[in-house]
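Here the structure comes first, spelled out in structure tokens, and everything after it is commentary.
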There are 2 protein chains.
Amino acid sequence: MKNVNEEKSGAVEKFKEFLRQKKMRQTSERVLIVEKIYSMNTFFSAQALHEDINKDIHVSLATIYSTLNLLLECNLIIRHNFNSQNILYEKFPSGANSYYRICIKCNKVKAFTDKKLKKSIDLRNSTAFSIGNHTLYLYGICKKCKEKMAKAKC
Amino acid sequence: MKNVNEEKSGAVEKFKEFLRQKKMRQTSERVLIVEKIYSMNTFFSAQALHEDINKDIHVSLATIYSTLNLLLECNLIIRHNFNSQNILYEKFPSGANSYYRICIKCNKVKAFTDKKLKKSIDLRNSTAFSIGNHTLYLYGICKKCKEKMAKAKC
DNA sequence: TTTGTTGCAAAACGTTTGCAGCCTC
DNA sequence: GAGGCTGCAAACGTTTTGCAACAAA
């Protein structure tokens, strides 16, 4: 198991390399934002990230968004749209994969891991398309909602 | 292979049943919207659907959105967020599953099918979570972009 | 007849943009 | 020192909401 700090410094390094390649500048704001994101373990909205960072130092929302777009571009974060209102971001370390169970009744989202499935999906790599990360969403009904529905029928 | 009209009438039926259960009204607008969606075979934006429908009869954008939300709720459509700007919808017939390859360089999206993978994912069904449909996104680099990158290095 | 639904316009929300000043390189 | 980046506020596109008129049950 990789530790959190290794993951974070790996992400910062990858981001800096990406900026170098694009001949873009390494600003303190950009680095701080990646570090913050890689210190979290939950989904987050752009707003929440903005508020969180601004407890420490002042960074404008425009900068938050511009950096989020760069991080999306270099695959260090992903963007979820679980339900129509909230758009949520999440760190996405290289080699990681995201699996989610989404209850279509209560909208709760639960992340899980599945090594076997991961292996099987990674096998889909081909010359026509080199797979980096992948994301799987399972839509269904959770135990609680199933029980509720059973009760309602009685 | 199920034919398109069967699929469409199945969707309409499922939607009507959903409305009945929620004690909501079966309006001509609602039915027309599902029918239209199930006649298409591509991703679509709310705007595009609105324009398309309004060639025939007048339906307001507010009604389009309210119906899209109902269809999301009863799992007859899904919402994609491939790149940060466009939000796209797609029909999602029961039993169908969506697999997508997304190039992180050129942002092109290609849908594909994979029966083996589908079987393997369906096996993840459990008492804790009953899986309905699922969606898999593979993020990677397509052949064209790989070739471009190889050329750039020379 | 009753009450939910529609259309319209305005509001809300997340995100982007233009510009002046600042800070990397 | 030059040009890219930031902050601010205004603009933008998508989605939601409030209200009066309408229509399904």
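Reminder, nothing fancy here: chain letters follow the sequence lines and each chain counts from 1.
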Please tell me if A/Tyr65 has a side-chain N or O lying less than 4.0 Å from either OP1 or OP2 of C/dT15. yes
Can you find a side chain N or O atom of A/Ser60 that sits less than 4.0 Å from OP1 or OP2 on D/dT6? no
From NZ of A/Lys22 across to P of C/dC25 the rounded distance in Å is 17 Å
Think A/Arg79 has a side-chain N or O under 4.0 angstrom from the OP1 or OP2 of C/dG14? no
Nearest 0.5 Å, please: how far is CD in A/Glu147 from SG in A/Cys142? 8.5 Å
Are B/His134 and B/Tyr99 close enough that their ring centres sit under 6.0 Å apart? yes
Could you check how far CG of A/Leu61 sits from P of D/dT6, rounded to whole Å? 13 Å
In this structure, how many angstroms lie between the C1' atom of D/dT6 and the CD1 atom of A/Ile33, rounded? 11 Å
Name the closest nucleotide to the B/Ile87 side chain, picking from C/dC25, C/dG7, D/dT15. D/dT15
Indicate the atoms forming the closest heavy-atom contact of A/Tyr100 with A/Thr135, along with that distance. CE1-CG2, 3.7 Å
Between D/dT15 (P) and B/Leu49 (CG): distance, integer Å: 11 Å
Using the closest heavy atom to pick a nucleotide of DNA chain D for each, name whichever of A/Arg25 or B/Thr27 lands nearer the 5' end. A/Arg25
How close or far is atom P of D/dA23 from atom CD1 of B/Ile57, stated in whole angstroms? 12 Å
Has B/His58 got a side-chain N or O lying under 4.0 Å from the OP1 or OP2 atom of C/dC8? yes
Would B/Tyr137 and A/Leu123 show up in the same hydrophobic cluster when neighbours are defined by side-chain heavy atoms closer than 4.5 Å? no
Check the phosphate of C/dG7 against B/His50, side-chain N and O only, distance under 4.0 Å to OP1 or OP2. Yes or no? no
Atom CG of A/Leu71 and atom C1' of C/dT15 are separated, to the nearest Å, by 16 Å
Short side-chain N/O contact from A/Arg30 to OP1 or OP2 of D/dT6, under 4.0 Å: yes
Checking contacts here: which listed nucleotide (D/dT15, D/dT6, D/dG3) is nearest the side-chain heavy atoms of B/Tyr89? D/dT15
OP1 or OP2 of C/dT16 under 4.0 Å from side-chain N/O of A/Asn69: yes
Spacing between B/Lys23 atom NZ and C/dT5 atom C1', to the nearest angstrom: 18 Å
Given atom CD of A/Glu73 and atom P of C/dT15, what is their separation to the nearest angstrom? 17 Å
Nearest-nucleotide comparison on DNA chain D, the residue closer to the 5′ end among B/Gln47 and A/Ser66: A/Ser66
Trace of the side chain to side chain contact (heavy atoms under 4.5 Å, CB included) decision for B/Lys119 with B/Lys116: CA-CA 5 Å; B/Lys119 239 184 207 168; B/Lys116 260 194 180 172; 5.8 Å; no
